[in-house]
There are 2 protein chains.
Amino acid sequence: MPRARTLRADAARNRAKILEAANDLIVEHGPDVPMESIAAAAGVAVGTLYRHYPTKRALVGAVIESHFTHMADEAEAAEARIAAGERATDALRSLAYRIMDGAAHNQAVKAAARSMGADDALHHGSELQRGIDVLARIIAAAKADGGLRADLTVEDLLLFFKTVPVDAAPAVRARWCELMLDGFSAGRP
Amino acid sequence: MPRARTLRADAARNRAKILEAANDLIVEHGPDVPMESIAAAAGVAVGTLYRHYPTKRALVGAVIESHFTHMADEAEAAEARIAAGERATDALRSLAYRIMDGAAHNQAVKAAARSMGADDALHHGSELQRGIDVLARIIAAAKADGGLRADLTVEDLLLFFKTVPVDAAPAVRARWCELMLDGFSAGRP
DNA sequence: CGATAAGGTGAATCATGATTCATGATTATA
DNA sequence: TATAATCATGAATCATGATTCACCTTATCG
């Protein structure tokens, strides 16, 4: 998705560095990282931030979107493994674990978004939708092989990702994931 | 728990109004409600806030503590019902639903705490501990009557309360609770 | 190699919000 | 009721952080 037309080489480089720095700092220091800090971390001046992203909200939105991209890719990879013969339920399970860390990060960024204005008004572009679509197919497949409770929906999965304990230690997070997935599995209604 | 000595009547009244206003506003408008707003909602001037709570953090801490008190009370009530003959597993289940809304609120306030400095350094006084102790006894009882997976711990429950989807609609929250509790029940390991 | 438009810089501006403090009420006693 | 503590008030102070803009740099292309 190139801009109007070719972006100058250095500009493209800076844009990437900014996005990365924004992600890192927001994840690590929470919603209130100053734009100045992000600029410093990216090795540019504030003005440059604003050339690429007109407001802080826009920057945060871009970071979120990049997470959705990552998650959607992860989901597609899982789907590919299913196509290659892996049991859908197992693929979903490992996908959940894989996405978890990404989701944890995403939540941190979402918090940033919330602490500003419209939290959900932020893009929610096609990337999220792409991920949701894939997820729906995987869920259907997992139900078909009998590993998932029949009433589980994509929304449930999304809720799962939404409630990932962001600040918990990895071990705690894994335990949480285990409990949650057990609630998802067939056996109960 | 009286202060140094008797608090002037009007002062006590204000103190209560402030705590209530702080709770309401933080829950509704998020971590960044200005002290001015809280003061206005409580019907006092900012200076009065500061007479009762030396910093914003202190105020938020007090609000959190009051939530812990509420939750601990709720847990004790559940324990009483068990003593009165209710099945422990059922009591735990309904307790979870009961605490959920309170926890949702509490999370909002915790977010406020986090957005400032030390999030866990805030009190965590005896009220939290009281609740934890009761919870532990209820869990033991529920395991005894065979309704709970054997490896469930108090920490798991705490994690559950910690991850309540704060901003979700009540129906969504209920669904989430159902899924989670199914993960807690006996049947899986 | 220039010319030039695209890109970068960072001090200055502007807004918001926590916290303080000199001054004016109220409540609780003697 | 008179007086001393206690409280309450809110404008002023101070700090922080987003955003802008007039002025330099440099990539790109003939």
Side-chain angles (χ1 to χ4, degrees), chain A residues 2-22 25-26 28-63 109 111-119 122, chain B residues 2-22 25-26 28-63 109 111-119 122:
Chain A
R3 274 262 163 292
R5 206 46 353 151
T6 39
L7 201 57
R8 237 170 66 174
D10 57 344
R13 210 176 312 128
N14 281 342
R15 171 174 275 261
K17 284 195 297 182
I18 290 171
L19 202 61
E20 192 188 323
L25 287 190
I26 291 176
E28 180 171 10
H29 299 296
D32 297 326
V33 267
M35 292 294 259
E36 299 267 18
S37 303
I38 296 176
V44 302
V46 259
T48 305
L49 249 62
Y50 283 90
R51 173 176 293 281
H52 289 283
Y53 304 94
T55 65
K56 188 177 187 177
R57 165 177 301 185
L59 176 55
V60 173
V63 173
V109 179
R114 204 169 307 127
S115 97
M116 304 185 319
D119 86 290
L122 287 170
Chain B
R3 276 262 164 296
R5 199 68 333 168
T6 39
L7 201 57
R8 236 171 66 175
D10 57 343
R13 210 175 313 127
N14 282 341
R15 171 173 276 259
K17 284 195 296 183
I18 290 171
L19 201 61
E20 191 187 323
L25 288 189
I26 292 177
E28 181 171 9
H29 300 296
D32 297 325
V33 268
M35 291 294 260
E36 299 267 17
S37 303
I38 296 176
V44 301
V46 260
T48 306
L49 249 63
Y50 284 90
R51 171 177 294 280
H52 289 285
Y53 303 95
T55 66
K56 187 176 189 178
R57 165 178 300 186
L59 176 55
V60 173
V63 173
V109 179
R114 204 170 306 126
S115 98
M116 304 185 318
D119 87 290
L122 288 171

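From a predicted model like this one, the values you see are computed outputs, not experimental measurements.
Going from atom CG of Leu59(A) over to atom P of dT19(D) covers 10 Å, rounded to whole Å. Here the P atom of nucleotide dA25(C) and the CG atom of Asn14(B) are 17 Å apart, to the nearest Å. Spacing between atom CD1 of Ile18(B) and atom P of dA18(C) amounts to 14 Å, rounded to whole angstrom units. Distance, His29(A) NE2 to dG17(D) P: 13 Å, rounded to whole Å. Residue Met35(A) contributes atom CE, which lies 18 Å from atom P of dA15(C) at whole-angstrom precision. Taking atom CD1 on Ile26(A) and atom P on dG17(D), their separation rounds to 14 Å, with Å as the unit. We find that CZ of Arg57(B) is positioned 10 Å from P of dT19(C), with the value rounded to whole Å. Rounding to whole angstrom units, CG of residue Asp32(A) and P of dA18(C) are separated by 12 Å.
Ala39(A) and Ala45(A) make their closest contact through CB-C, 3.9 Å (heavy atoms, listed as atom of the first residue, atom of the second, distance). In terms of heavy-atom proximity, Ile18(B) sits nearest to Ala42(B) at CA-CB, 3.9 Å. For the pair Val33(B) and Leu25(B), the tightest heavy-atom approach, listed with the atom from each and the gap, is CG1-O, 3.7 Å. Considering all non-hydrogen atoms of both residues, Lys56(A) and Asp32(A) come closest at NZ-C, 4.2 Å.
With the nearest nucleotide of DNA chain C identified for both Arg13(B) and Pro54(B), Pro54(B) has the one nearer the 5' end. Nearest-nucleotide positions on DNA chain D place Ala11(B) closer to the 5' end than the other of Ala11(B) and Glu36(B).
Each of dG8(C), dC7(D), dG17(C) was ranked by its minimum atom distance to the side chain of Leu7(B); first place goes to dC7(D). Checking dC7(D), dT28(D), dA18(D) against the side-chain heavy atoms of Ala9(A) singles out dT28(D) as nearest. When the nucleotides dG7(C), dC7(D), dA18(C) are ranked by their closest atom to the side chain of Lys56(B), dA18(C) comes out on top.
For His52(A) and dG7(C), the shortest distance from a side-chain N or O to OP1 or OP2 is not below 4.0 Å.
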Item to complete: For the pair Leu19(B) and Tyr53(B), evaluate side chain to side chain contact (heavy atoms under 4.5 Å, CB included) and give the outcome as yes or no after the intermediate values.
Response: CA-CA 10 Å; Leu19(B) 201 61; Tyr53(B) 303 95; 3.7 Å; yes
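Between atom NZ of residue Lys17(A) and atom NE2 of residue His52(A) there is a gap of 10.0 Å, rounded to the nearest 0.5 Å.
At a cut-off of 3.5 angstrom, the base of dT26(C) holds at least one donor-acceptor pair with the side chain of Arg8(B).
Between Leu59(A) and Met35(A) the shortest side-chain heavy-atom distance falls below 4.5 Å.
A heavy atom lying under 4.0 Å from DNA chain C marks the following residues of residues 39-50 of chain B, by number: Tyr50(B).
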